[in-house]
Amino acid sequence: MTVPAPSDRRLYGDRRFDLRTTTLFFVLLALVLCLVASVARIAMGMVERRPEWAGLLAVLIVASVFASRSRWRRLSAARCARRAAEALRSCPQSHGSQSRRQARVTSAW
């Protein structure tokens, strides 16, 4: 009895190694790294020459990051608030005086 040949299963059937795509990726990566290095060098020069303006720029950047937080965080907080409100609505209603009496009795033991 012969063993069947293993089937060539690929996760991505149409995706194969493409030299052009790989080259383009690394060229774009090199451009981004050069841009980041240039911005960092300019920022360091600005800090050395005008530290007050650099501090003001840093404060503005931090403020803009906090102001433009992604929307999913706000929706996530709203979702948590809704869940908490639903949980409070679904809990059984107890009368205030009875629950206080029960609390006193249980705390005495």
Side-chain angles (χ1 to χ4, degrees):
M1 186 170 175
T2 61
V3 178
S7 62
D8 187 22
R9 293 185 185 187
R10 295 182 184 198
L11 294 176
Y12 305 104
D14 296 338
R15 294 190 64 169
R16 293 192 175 136
F17 178 74
D18 186 13
L19 186 60
R20 280 181 272 171
T21 305
T22 306
T23 305
L24 182 64
F25 170 75
F26 282 108
V27 166
L28 290 175
L29 182 65
L31 288 173
V32 168
L33 286 176
C34 288
L35 181 68
V36 168
S38 297
V39 168
R41 190 172 176 191
I42 291 170
M44 290 305 294
M46 182 180 169
V47 168
E48 288 177 359
R49 286 183 300 239
R50 297 182 182 98
E52 298 86 17
W53 286 104
L56 179 64
L57 182 63
V59 168
L60 289 176
I61 288 172
V62 169
S64 65
V65 165
F66 281 128
S68 65
R69 280 193 225 165
S70 63
R71 185 177 174 145
W72 68 270
R73 288 187 185 175
R74 282 183 252 145
L75 289 176
S76 176
R79 190 179 316 121
C80 289
R82 269 188 262 120
R83 285 183 187 169
E86 289 172 10
L88 287 174
R89 273 191 231 120
S90 66
C91 70
Q93 294 282 334
S94 63
H95 299 289
S97 60
Q98 289 178 349
S99 63
R100 284 189 205 115
R101 256 185 258 132
Q102 289 173 351
R104 281 189 218 131
V105 170
T106 56
S107 63
W109 289 96

Hits for side chain to side chain donor-acceptor pair (under 3.5 Å) against Thr22, two or more places apart or cross-chain, chain-then-number order -> none

Under 3.5 Å, which donor-acceptor pairs do the side chains of residues 59-67 form with other protein atoms, sequence neighbours left out?
unit_1	atom_1	unit_2	atom_2	d
Ser64	OG	Leu60	O	3.3
Ser64	OG	Ile61	O	2.8

* To do: Flag yes if Met46 and Leu56 sit in one hydrophobic cluster, no otherwise; membership is Ile, Leu, Val, Met, Phe, Trp, Tyr, and two members link when side-chain heavy atoms are under 4.5 Å apart.
  => yes

Side chain to side chain contact (heavy atoms under 4.5 Å, CB included) filter on Leu28, not counting sequence neighbours, yields Leu24, Leu31

